[in-house]
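A, B, ... follow the sequence lines: proteins, then strands. Residue 1 opens every chain.
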Amino acid sequence: MDKAYDHQKFENKIYEAWEKSGLMRADENSDKEPFTIVLPPPNVTGQLHLGHSAMLAIEDIMIRHQKMSGKEVCWVPGTDHAAIATENVVIKHLGLKSREELSREEFLKECRKFAQEKHDRIVHQIRKMGAWLDWSREAYTFDEERNFAVNTIFEQLYNDGLIVRGHRLINWSVGAQSVLADDEVEWGEEVEPFYYIKCGEFIIGTVRPETKCADSPLIVNPDAEYVRVKYTPKLQQTPKSPYQGTSENPAKKRKFIPYDKNLTKFARENRKNPTPAEKKMWYEIIDKLKKEFPNKWLRQRIIDNYIVDFYSPSLKLVVEIDGDSHFTKEGIEYDKIRTETLNKYGLNVIRFTNDEIINSPDAVYFKISKFIKEKNSPLAPLIEGGNPAKFENNLDERDGGSINTFILVKNCWKNPEERKKVLNLLDEDGTWEVLETMTGNELVEKIGEFEYDTYAGKRKFVVMADEVVDPNKGSGAMTISCNHSADDYDLGKRKKLDKYFFDKIDFAGKMLKIAGEAEGMSVKEARKFAGKKMEEMGLLTGIDKNYSHRVPLCYRSGCVVEPMVSPQWFISVEKEFTDKFTGEKTTLKKLTQKAVREKNVKIIPARFEKIYFQWIDNLRDWCISRQIWWGHQIPVFYCQDCQAENVFDAESTKNPANLCCKKCGSNNLKQDEDTLDTWFSSALWPFSTLGWPDENSRDFQKFYPNSMMETGHDILFFWVARMIMFARYATGKYPFETVYLHGLVCDEKGQKMSKSKGNGIDPLELIEEVGADAVRLSLVIGTTPGNNIPIGKNKIKGYRNFVNKLWNAGRFVQMQLDSSPLAPLIEGGNPANFENSSNKRDGGRIKAKSLADKWIADRFTQISREINEHLNKYEISLAGDKIYHFIWDEFCDWYLEAHKVEPNPLFLREIFLDILKLAHPLVPFITESLWKVLTNDDTFIVEQSFPQPDFEDKKSREIFGDLQEIVSEIRRIRAENKVNPKDKLNIEFANEINPETLKLIEHLAKVANGKVDKKQATKIFHRLAGHGAGNSELLIEIPVDEKAVAAEIKKLENLITSLKNRLANKNYVQSAPKELVAESREKLKNAEEKLAKLKSN
RNA sequence: GGGUGAUUAGCUCAGUUGGCUAGAGCAUCUCGCUUACACCGAGGAGGCCACAGGUUCGAGUCCUGUAUCACCCACCA
């Protein structure tokens, strides 16, 4: 035997031997009680990661333990075709831009080929973990049997009316051109402007202004109070210049008079009686200015000095610079204003020099000019040649009209912060006046339907009330886009807003005609466009440029997911049907809820039951169709002649060419092009792998339902819950008794493993390095179900060391046997010869002779019981921890050392083999290796029965326990006094001591019994069971260690105080269990004796 | 925003219906290559068990509150 365990020499060979033995195959005709686990199928094109390793380790431990405990175990392996993920990988692998570069047939062929290659790799990886799987039953979610199962349940659900085709809101990935399941959507953080938009008098908030281009219901909260307020900008006062009194005051530097006093005066007078057109222009200009010039002082200057002149059509004013055609400031180029045109309209021109303009607040003037020039400005016609009278027609009543009145929910109006958010583009100094207060319901009545401006023209909206509107958020009103938002969709359905279900965006992610000028733009472009346009139109009242929110992203293409309405197949979870097993009316949702509520399925850890309910209670219909090719094609056939929809039984579906339309008999049928969500076939896994739909098959009869389902807690919902749903629906039984959820594997610091962080560990490399056993232990010990599984180099190293320790213990056993005179008996002899023993351990074959033998046999009994109990309760971590410490701390550190004093090789071999059995489920390879070495026969350790010894020896337990204490104490004294380990110290017992015990102590503590010079001695007070009652005295030939004695005294005193207090407490003596009280008394007595002797020393 | 869990030694965590003088692994320190194992052995040091209350004879454990962290769900004007 090698000095160190070399896992590479053994693991592959052993696994091959297991497979060859045929023992891994579950016997469906066995009369043993079954224990079934169906392996959660890894993605066939994926790679095994440590999460899979953890899964395999846990399940393998359970399987081996149950097998050794006499069950007929059946662990079914398999892989998943992972529809979307695989399709992606294949597309990438082939270097395609899209799958359409190939025909459907060709593409599927490539997928199959690719999947087969990858399948072999992943199966290899699974074997490396040592999993005791029944490979003869290996399944694949996309093989023929599973396809048959899929078609069978599809037909059943369809006939029960639970599968329906409908127009529903789905997550549409523009990049991938496919529907995504909710769980396939990833969320990313994005900062986008958040707009508050005027809709008539209302204000709504949105990050998606591009959707605000169409007729829409405007929803208010029915019971919340709303206020109509009037806003009057405060324009008359000139704020003080921030430059006033400083040398930097630009006003002082001005070399010209910016306006003609007389003109201004004239204008002011005129302003008193403005025409409606003038008023409108005026307000438009103010609105624009606010956005252009956030600096209030500056803005006011402009208003007071210049804009006033615009105000009166009869006194128009425009500027020109030096007669140049350009003026550049801050990189913006302004066109020359055509003097001729201006003059034509009677505009005055003021000339600036460049120097005067740059660095002068007056420069802003040009921006105004630019604004006026822009086509969309209401003033444009004035400049370009339009007719101002045009604006007189449909003027809102500016004063008392809708343009400067706003309807806000009272909460927003009262809350200055909220209000500021909504209205931050308006002048803060404006005055506000509350005109009236009314509830949402009253608003609905009073306002009803009316027109408002959108970026794409005039639209109508109708005011409605609904509770979804949160009166504490924003302005308290919202408009909805039924086809482009899940909540809006629900609301629309609830309110039956049929005419508002229309698309604004197409499946390519482009805006439709309804978006007016934005038609054909991508959503992103349209969003910018709409924002800008609305700003220009003065439709914005507030804007939050740093609004951060989460956006749904496609996990494949990374593009933003658009909620869209599309024809899809759904499973109706709330539709009633008659349960064929009970005859009761029920729904899929109810059945799924019942599973856990009525304890048909137990979830470990239990807290996930709560999470399960939370999810099920909010369950929506499940969209099962996918626009991809790689998957189970939806078994629905559309008649090309009469358009009928046909679903056939699975048997007929096998030959699509022979199918005829059920309605018109035509055989001109076309199968639905879409495929099923990958979870559809996965949901059948627990029974489709066991013969279903043939419920009379031996496998189904014997092994269904499964005993446990072990998987990551991250797929509780979309897999576990759906398995429960389908299993109960199709088989009438819940698919498994227990769900064991493990956590995510993460590094030592609790961080998720990921390639980008570089903290990922490849299981194969790890196994190569330290062996599968060490990997298994690392993944299993120190973990709690449902919690993260921390794993790191140190931990792994520790368990590798343990495996080596076990190996060396085996080596020691082997050496003992080799050198033993009894060796021949083992090689060819019959151990039954040893049956005369009266000890019952392991059928009473080999006698436990010495104290140590009896002690370890007794301990083994206790540990075995605990391990059995832990494993039965799925407490794998605790079981592993106990085996680890039993083997290392007790067997190796104490028993093997003690064994050297009084060898008993046959017994040693027996107990060691038993320990190997006990440890086998956790560390199958090393135990099997040692089993082979030590038994030298063809049996496998897994064929042995799991230890359930009943040997007990209380006396040996006590004596050995005391002995351990004494030895530890002596060792401590030696270490603290720096005694050379080679030196033997003399000790002297005050009492008579059993020679066997003494021999052990001498060996273990490196001491010799003899006369001790009392002046040089340290006293130890010990109690040795079986040597008379009470404490006895042990002298050891070492100078007294004052410090140690003082420490011991203090420790004892503390203990005594605590015990005394406890016993002095009448309530304690009365209420606490009697044994406990007696124990405390005993402890106190011992402690006091010990203390007294220590002090007297 | 709604929910769940966590907080114990420098680090990673055990601590199962309350009985604890609070444990383990790693790291650290001291001593030792003693013929199973240096992937080892012996020993030491290291803790107001997050904080504040409460229940109890007794609280790391149960209850309430606070703080911090993690995860899940919803994402919405």
Side-chain angles (χ1 to χ4, degrees), chain A residues 1 3-5 187 194 196-197 203-208 218-219 468-470 473-480 485-488 491 549-552 605 607-608 610-611 614-615 618 713-714 716-717 743-744 748-750 770 774 781-784 786-788 790-795 797-816 869-870 873 875 877-878 881 884-885 889 892-893 896-897 900 968 971-976 978-982 1005-1006 1051-1052 1054-1056 1058-1059 1061-1062 1065-1073 1076 1079-1080 1083 1087:
Chain A
M1 283 174 85
K3 212 169 173 186
Y5 175 59
W187 292 85
F194 188 93
Y196 290 97
I197 304 169
I203 297 171
I204 59 156
T206 186
V207 271
R208 303 199 56 180
L218 186 138
I219 318 290
V468 293
V469 175
D470 182 349
K473 264 190 185 170
S475 57
M478 66 183 209
T479 59
I480 63 173
S485 151
D487 288 331
D488 295 359
L491 183 68
H549 68 137
R550 284 160 56 87
V551 289
R607 69 185 149 93
F608 278 96
K610 279 185 200 168
I611 298 173
Q614 198 195 336
W615 186 76
N618 296 321
H713 68 70
D714 47 333
L716 173 65
F717 304 133
L744 287 174
E748 291 155 303
K749 285 170 191 161
V770 300
I781 299 182
T783 68
T784 329
N787 284 4
N788 283 357
I791 189 163
K793 272 188 185 166
N794 285 333
K795 192 173 175 187
K797 212 167 95 188
Y799 292 114
R800 181 210 51 188
N801 293 354
F802 169 73
V803 171
N804 189 57
K805 185 80 180 172
L806 189 54
W807 171 258
N808 272 292
R811 204 157 83 96
F812 177 77
V813 174
Q814 181 65 26
M815 285 168 134
Q816 292 296 307
E869 212 169 291
H870 285 314
K873 280 158 58 183
E875 293 167 350
S877 173
L878 290 177
D881 200 53
Y884 176 94
H885 282 110
D889 298 350
C892 291
D893 287 352
L896 291 189
E897 285 309 311
K900 290 172 186 168
S968 295
R971 283 174 178 168
R972 210 204 82 231
I973 291 167
R974 291 179 64 116
E976 289 197 347
K978 314 264 187 258
V979 177
N980 188 326
K982 282 176 182 164
K1006 287 236 151 148
K1051 217 171 152 189
L1052 281 170
N1054 285 343
L1055 177 60
I1056 288 167
S1058 137
L1059 287 170
N1061 285 341
R1062 191 182 297 177
N1065 186 333
K1066 277 180 197 165
N1067 288 322
Y1068 171 70
V1069 180
Q1070 277 166 16
S1071 319
L1076 202 67
E1079 200 187 309
S1080 301
K1083 270 188 193 168

Winner on side-chain proximity to A/Glu897, out of B/U16, B/G43, B/C37, is B/C37

Short side-chain N/O contact to B/G41 OP1/OP2 from A/Lys805, under 4.0 Å: yes

Expressed as a whole number of Å, how far does the C1' atom of B/C49 sit from that of B/A6? 14 Å

Could you walk me through whether A/Arg800 and A/Lys797 satisfy the side chain to side chain contact (heavy atoms under 4.5 Å, CB included) test, starting with their C-alpha distance in whole Å, then the side-chain angles of each, then the deciding distance to 0.1 Å, before giving a yes or no? CA-CA 5 Å; A/Arg800 181 210 51 188; A/Lys797 212 167 95 188; 3.6 Å; yes

Scan A/Leu896 against the nucleic acid and name what it touches under 4.0 Å (heavy atoms): base, sugar-phosphate only, or nothing. base

In whole angstrom, give me the gap between the P atoms of B/U68 and B/C51. 16 Å

Donor-acceptor pair (no angle test) under 3.5 Å: A/Arg811 side chain, B/C37 base: no

Separation of the P atoms in B/G43 and B/C26, to the nearest angstrom: 14 Å

Quick one: closest heavy-atom pair of A/Met478 and A/Ile204, and the distance? CA-CG2, 3.7 Å

What integer number of Å spans the C1' atoms of B/U16 and B/U61? 11 Å

Check the angle between the aromatic planes of A/Tyr799 and A/Tyr884 and answer parallel, tilted or perpendicular using the 30° and 60° thresholds. perpendicular

Taking any heavy-atom pair under 4.0 Å as a contact, classify A/Glu869: base, sugar-phosphate, or nothing. nothing

Go ahead and name the base partner of B/U16; Watson-Crick or wobble counts if both distances stay under 3.5 Å, otherwise write none. none

Going by purine N1 to pyrimidine N3 plus the second Watson-Crick contact, or the G-U wobble pair, all under 3.5 Å, which nucleotide sits opposite B/U66? B/A50

Contact summary for A/Asn804 and A/Ala4, nearest pair of heavy atoms: OD1-CA, 3.4 Å

Where A/Gly782 and A/Lys795 come nearest, the two heavy atoms and their spacing: O-NZ, 4.4 Å

Can you measure A/Phe812 atom CZ to B/A36 atom C1' for me and round it to whole angstrom units? 6 Å

Distance between the P atoms of B/C63 and B/C71, in whole angstroms? 25 Å

RNA chain B nearest-nucleotide lookup for A/His870 and A/Val1069: closer to the 5′ end is A/His870

What is the distance, rounded to the nearest whole Å, between atom CG of A/Asp488 and atom P of B/C75? 11 Å

Measure from CD1 on A/Ile791 to P on B/U12 and round the result to the nearest Å. 16 Å

Does some side-chain heavy atom of A/Tyr5 sit less than 4.5 Å from a side-chain heavy atom of A/Leu806? no

Quick one: which of B/C39, B/U34, B/C57 gets closest to the side chain of A/Asn1065? B/C57

By the 4.0 Å heavy-atom rule, please label A/Asp893 as base, sugar-phosphate, or nothing. sugar-phosphate

Which base, if any, makes a Watson-Crick or G-U wobble pair with B/G25, both distances under 3.5 Å? B/C11

Watson-Crick or G-U wobble partner of B/U34, both distances under 3.5 Å: none

Across nucleotides 18-30 of chain B, 5' to 3', mark each nucleotide with B, S or - according to how protein heavy atoms within less than 4.0 Å reach it. -B-B--S-S---S

For the side chain of A/Asp881 and the backbone of A/Ser877, is there at least one donor-acceptor N/O pair under 3.5 Å apart? no

How many Å lie between CZ on A/Phe608 and C1' on B/G5, as a whole number? 9 Å

Sort out the partner of B/U55 for me: Watson-Crick or G-U wobble, both distances under 3.5 Å, none otherwise. none

Rounded P spacing from B/A50 to B/A59 in Å: 15 Å

Backbone N/O of A/Lys3 and side chain of A/Asn808: donor-acceptor pair under 3.5 Å: yes

Minimum heavy-atom distance between A/Ser1080 and A/Arg1062, given as atom pair plus value: OG-NH1, 3.9 Å

Whole-Å gap separating C1' (B/U55) and CG (A/Asn1067): 14 Å

If you measure from the P atom in B/G1 to the same atom in B/U66, how many Å do you get, rounded? 14 Å

Pairing check on B/C76: which nucleotide meets the Watson-Crick or G-U wobble criteria with it, both distances under 3.5 Å? none

If you look at every strand shown and take non-hydrogen atoms under 4.0 Å, does A/Thr784 touch a base, only sugar-phosphate, or nothing? sugar-phosphate

In whole angstrom, give me the gap between the P atoms of B/C57 and B/A52. 23 Å

N/O (side chain, A/Lys900) to phosphate O (OP1/OP2, B/U35) under 4.0 Å: no

Applying a 4.0 Å non-hydrogen cut-off, can you work out what A/Arg971 is touching in the nucleic acid: base, sugar-phosphate, or nothing? sugar-phosphate

Between C1' of B/G5 and CD1 of A/Ile611, the distance in whole Å: 8 Å

Separation of atom CE in A/Met478 from atom P in B/C75, rounded to whole Å: 13 Å

First of A/Gly476 and A/Ala4 reached from the 5' end of RNA chain B, by closest nucleotide: A/Ala4

A/Leu716 atom CG is separated from B/C72 atom C1', nearest whole Å, by 10 Å

